[in-house]
Trainee: 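For reference, the structure I am asking about is given below.
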Amino acid sequence: DGKVYYRGRGNRVGNPATRVDGTVSRRGISHHLSAEDHQHGIHVPTASCYIVADQSIPDNAETLALFDAENYDTDSVHSTTVNPGRLTVPAGMTGIWRAWGLICFAVNATGYRQARLFKNNAFLLPVVRSVGFAGADFAVAFSMDLSLVAGDYLDVRVLQNSGGALALVGNVNNTTFGLAFVRQAP
């Protein structure tokens, strides 16, 4: 939906759940699968990956977030060993895709935190930036639908200026990145 959401670590969203209307919710971002899709057994290519252990982000240096584990990956959209920061549209799947992410920085009140979404190494999503937070780890989230062609890839780059290295918080419930096929292009 192109909106940017902020939330603190203490307000976690639970694991995926499918409601009666077919909406799958993951980390507060919804994906709709119609009853007709389920009835006809339609395969929906999708991937969700995360950072297992904290990733150190140097002070004042834009850094690629590296996702070294997967919640799921139906069509080799992500690799934990080759370009682990990327999600790539598989062959034959040109269309509308929903990208989402939750980027969680360790607690630190100094400076700001920033996350940017890139497509094929070109800046895509406006800067998501917020000041540091002293009370808890701090996360920024994004979700947007994109027209993508086979071979397009997305990645997330982060920046912080706390005065020293600062971690992206690892764990399946913290720093995550996902991509799901929505429909064929009109």
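The analysis underlying the following values was restricted to heavy atoms, covering all of them including side chains, and did not include hydrogens, waters or symmetry mates. Just so it is clear, the model here is predicted, and its values are computed rather than measured.
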Trainee: Taking the six-membered ring for Trp, are the ring centroids of Phe105 and Phe138 within less than 6.0 Å of each other?
Mentor: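 Not under 6.0 Å, so no.
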Trainee: Any chance you could measure Arg86, atom CZ, to Asn120, atom CG, to the nearest 0.5 Å?
Mentor: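 Going from CZ on Arg86 over to CG on Asn120, the span is 8.5 Å.
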Trainee: Hey, could you give me the CZ/OG1 distance between Phe181 and Thr46, rounded to the nearest 0.5 Å?
Mentor: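 That separation rounds to 11.5 Å.
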Trainee: Rounded to the nearest 0.5 Å, how far does CD1 of Ile51 lie from CG of Asn174?
Mentor: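 Taking CG in Asn174 and CD1 in Ile51, the distance rounds to 9.5 Å.
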Trainee: My understanding is that only residues two or more places apart in sequence, or in another chain, count here; which of them pass side-chain hydrogen bond (donor to acceptor under 3.5 Å, both in side chains) with Asp75?
Mentor: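 Only His43 meet the side-chain hydrogen bond (donor to acceptor under 3.5 Å, both in side chains) criterion with Asp75.
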Trainee: When you measure from the side chain of Asn83 to the backbone of Gly85, do you find a donor-acceptor pair of N or O atoms at a distance under 3.5 Å?
Mentor: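 No, the answer is negative, given that no donor and acceptor are paired below the 3.5 Å cut-off.
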Trainee: Judged by atom type as modelled, is there a donor-acceptor pair below 3.5 Å linking the side chain of Gln160 to the main-chain atoms of Gly111?
Mentor: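 Side chain of Gln160 to backbone of Gly111: no pair is present.
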Trainee: Using a 3.5 Å distance criterion without hydrogens, assess whether the side chain of His78 forms a donor-acceptor pair with backbone atoms of Pro84.
Mentor: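 Checking the backbone N and O of Pro84 against the side chain of His78, a donor-acceptor pair under 3.5 Å is found.
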Trainee: If I compare all heavy atoms of Asp59 with all of Ser162, which pair ends up nearest, and what's the gap?
Mentor: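 Of all heavy-atom pairs spanning Asp59 and Ser162, the closest is OD1-N, 3.2 Å.
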Trainee: Any idea which heavy atoms bring Val77 and Pro90 closest together, and the distance?
Mentor: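 Looking at all heavy atoms of both residues, the shortest contact is CG2-CD, 4.0 Å.
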Trainee: CZ of Phe67 to OG1 of Thr175: how many Å apart, nearest 0.5 Å?
Mentor: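 Answer for the CZ-OG1 pair, Phe67 versus Thr175, is 7.0 Å.
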Trainee: Quick check: is Val107 connected to Tyr112 through a chain of hydrophobic side chains (ILVMFWY, heavy atoms under 4.5 Å apart)?
Mentor: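 Unlinked, Tyr112 and Val107 end up in two clusters.
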Trainee: To the closest 0.5 Å, what do you measure between CG (Leu154) and CH2 (Trp97)?
Mentor: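 Answer rounded to 0.5 Å: 10.0 Å.
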Trainee: Output yes when Arg98 and Asp145 qualify as a salt bridge under the 4.0 Å nitrogen-oxygen rule, no when they do not.
Mentor: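 Here Arg98 pairs with Asp145 in a salt bridge, since their nearest N and O are under 4.0 Å apart.
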Trainee: Which heavy atom in Pro58 sits nearest to a heavy atom in Thr63, and how many Å separate them?
Mentor: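 In terms of heavy atoms, the two residues are closest at CD-OG1, 3.5 Å.
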Trainee: Which pair of non-hydrogen atoms, one from Arg113 and one from Leu166, has the smallest distance, and what is that distance?
Mentor: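 Smallest heavy-atom distance, with atoms named: NE-CD2, 3.2 Å.
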Trainee: For the backbone of Ile96 and the side chain of Gln184, can you confirm whether one donor and one acceptor N or O come within less than 3.5 Å of each other?
Mentor: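 Checking the backbone N and O of Ile96 against the side chain of Gln184, no donor-acceptor pair under 3.5 Å is found.
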Trainee: Using side-chain hydrogen bond (donor to acceptor under 3.5 Å, both in side chains) as the criterion, list what pairs up with Thr88, not counting sequence neighbours.
Mentor: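 So Thr88 forms no side-chain hydrogen bond (donor to acceptor under 3.5 Å, both in side chains) with any residue.
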Trainee: Are any of the side-chain heavy atoms of Cys104 and Leu168 separated by less than 4.5 Å?
Mentor: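 Side chain of Cys104 against side chain of Leu168, heavy atoms only: no contact under 4.5 Å found.
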Trainee: Checking Asp54 side chain against Gly170 main chain: does a donor-acceptor pair fall under 3.5 Å?
Mentor: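 Yes.
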Trainee: Minimum heavy-atom separation for Asp152 to Leu148, with atom names?
Mentor: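 Looking at all heavy atoms of both residues, the shortest contact is OD2-CA, 3.4 Å.
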Trainee: Can you tell me how far apart CG (Asn161) and CD1 (Ile57) are? Round to the nearest 0.5 Å.
Mentor: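 If I round to the nearest 0.5 Å, the distance is 13.5 Å.
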